[in-house]
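Quick notes on the structure that follows.
Being a predicted model, the structure only gives us computed values, none of them experimental. Here is how names work: the chains are called A, B, and so on, in the same order as the sequence lines, proteins then strands, and each is numbered from 1.
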Amino acid sequence: MLYLQILLNGLLLGGLYALIAVGFSLVWGVLNVINILHGTFIVLGSYIAYFAHLYFGIHPFASVIISGSVLFCLGYVIQAGIINRVVAAPVLMTLTLTFGLDLLLNNAMLIAFTADYRKLILTDSLGSYDLWGLILPLNRVAGVGLAALLTFGLYRLLRDSNIGRAIVAVRMDREAATLMGVRVNRINAVTFALGALMAGAAGSIFSIIYPISPINSGLFLGKAFVICILGGLGSVPGAMIGGIALGVIESYGALFFGPEHSTTLAFVILIALLIFRPTGIMGRKGYE
Amino acid sequence: MSENIAQLEIKALTSGYGEIQVLWGIDVGISAGETVCIIGSNGVGKSTLLRTISGIVKLTGGSITLDGVSLNNATPEDVLSAGIVHVPEGRRLFSAMSVRDNLLMGAYLRKDKSAIQDDLEYVYHMFPILAERRRQDAGTLSGGEQQMCAIGRGVMGRPRYLMIDELSLGLAPRAVDLLFEALHNINQSGVAILLVEQDVMNALEFADRAFVVDQGKIIVSGNADEVAANPLVQEAYMGVV
C-alpha cells in the first residue's frame, strides 16, 4: 500500500511537473531559445494568484485565467520587442539574453515582494479523500486535473488550429513556413507568449501547494530542464511523460534514499540519459 | 522570341547573398496562363531568381512587377497574397506533419474555409495517392509522392503563377511523367507555370517559352522549340555535338 501511495503521489507531482515543462519545451523546440525566465514566470504567476486571493478572494484555480493572460501579454512583448532581435543568433546569445532578463525580473520581484516565503491558505480547502486506504489530497488532484486540461488544450491547439500548425511549421522549416506566408516573427512572439501563459498558469496552480518566493524560480527552471531531457524536447506528450517520470522518480527516490536526495537522483538520471539516449524517452526529431 | 505583354515582369534584376552577387541583370516576363521554363546548370542562379521573386532574398537592383504593381519590397506574404506561389527546391515539406496538414499549410493565408476544403478535394483528386496517405507523416512518403505533396501544397495557395524549383531532381521517370501531367492539368485550369529544371529535354517539351541562364544572366530565350533547336543549347545541355 505504501508503494502504491508513493506512486500516486509521484503521479500527482508529475502532472504538475508536466505543466512546468510544457511551455519551456515548446519555446526551446520552436524558437531554439532556452528561456531562463521560465522559472521566474512561474513565480510571477504564483504571486498573481496570491494577491488575487488575498485582495479579491479569487480562488487560484480561477486566477489561472488572470495569471495566464498577464503572462501571455508579458511574454508576447518580451519576444516581439527584445528576443526577436537576436532570435536567429546562436543559442548561447539568446540564453545570455534571457538570463539577463531573468536577473532583472527576478530582482524586481525580490524588491517588490521580498524573499520571504508566503503561503496561500485556502479557507475552503477540499481536504482529502480515502480511497480504499489510498489518501487522495483533493486540492492537489483538482490542480493536476486543471494542469492536464491546460496541457491537453495546448496539444489540441498545436494540432488542430491554423496558428498551431504555423508554430509547428516554423519549428520544422523556418524558410518553408515563410513561403507559406507565415510571419515568423509573429509566430515566435505567439509561441513565447504561450510558453509564458503555461508558466503563469502553473504558478497559479502551484500557489496552493508550494510556498511562494522569487528564490524558487531556479528550482522550477531546473525541473523544466530535467523533464525536457527525460521526455524529449519540444513535444507536448514528451513533456507529459517526462514530467510524470520525474514525479515518480522523485517520490520513490525520497522513499529509498531520503527526501534530501530525491533531486540528486533526478539529476543522476538526467546525466545518464544525456549519455545514453540524448533524444529523450519520447524523443522523435521534429515534432511540435 | 514572341513578345507577349508580360504580366509578371522581371527587369534587369540583380540579387545575391551579402557580398556575393548571383544575378547580373535578368529579364524574364510571364503572361497569365503561360508555361515558361528556366534552364541552366547548377549554381547559375536559377533558384536565387525564384527566391528573389518570392521575397526571401532581397533584390539589389532592377524590378519585379505584377500587373504593373511593384513587388520590389514585397515580403513573402505579400507575394503569396498577390498570387505567386513558390514550390521550393527539395520540396521542403514539414516532415513530421501529416500530408493533410502540409496541404493546409499551403492555404495558411486563406480565410475561405469551404473553398479550402474544395481545394483539398481537388488536390486529392489530382494525386489520389495523397488522399490515401493523408494521415501519414509527409516524411514517410517516397520522393515522387513528396513532390506531389509539395505541388499540392502550392496549389492550395490558389496561385495565378506557380513557380516550381527542380520538379524532377532525383525522382523516378514514372513519377516525373505523372508530375508533368499534373502540371499540365494545373496549367489548363488557368495557372501560369514557371518551371526551373535541370532535365532540359522534359522542360523544353513541357513549356511554351524557355530562358537559359548562365552565370547570372539570360543567354538564350525564346519559344521552347526555338531554344531546343539552338546549337548552343544543344551542345551545352542536350549532349548533342
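Among the candidates Arg91(B), Arg153(B), Met156(B), the residue making the largest number of heavy-atom pairs closer than 4.5 Å to chain A is Arg153(B). Between chain B and the residues Ala177(A), Ala169(A), Ala176(A), the most heavy-atom pairs under 4.5 angstrom are made by Ala169(A).
By the neighbour-count criterion of 12 heavy atoms within 6.0 Å, atom CD of Glu181(B) is sparsely surrounded, having that number or fewer from other residues, nucleotides or ligands. Around the CZ atom of Arg134(B), the shell of radius 6.0 Å holds more than 12 heavy atoms that belong to other residues, nucleotides or ligands. No more than 12 heavy atoms of other residues, nucleotides or ligands sit less than 6.0 Å from atom CZ of Phe152(A). Environment of CG in Leu109(B): crowded, with over 12 heavy atoms of neighbouring residues, nucleotides or ligands closer than 6.0 Å.
For the pair Arg51(B) and Glu175(A), the salt-bridge criterion is met [side-chain N within less than 4.0 Å of a carboxylate O].
Between atom CE of residue Met180(A) and atom CG of residue Asn102(B) there is a gap of 8.5 Å, rounded to the nearest 0.5 Å. The distance from the CE atom of Met97(B) to the CZ atom of Arg159(A) is 9.5 Å, given to the nearest 0.5 Å. The line from CG of Asp160(A) to CG of Asp101(B) is 8.0 Å long, rounded to the nearest 0.5 Å. Leu93(B) contributes atom CG, which lies 9.0 Å from atom CG of Asp173(A) (distance to the nearest 0.5 angstrom). Distance check, rounded to the nearest 0.5 Å: CZ of Arg174(A) to CD1 of Ile56(B) gives 13.5 Å.
Side-chain contact between Met105(B) and Val182(A) is present, with heavy atoms from C-beta onward closer than 4.5 Å.
Taking every heavy atom of both residues into account, His86(B) and Leu179(A) meet most closely at ND1-CD2, 3.7 Å.
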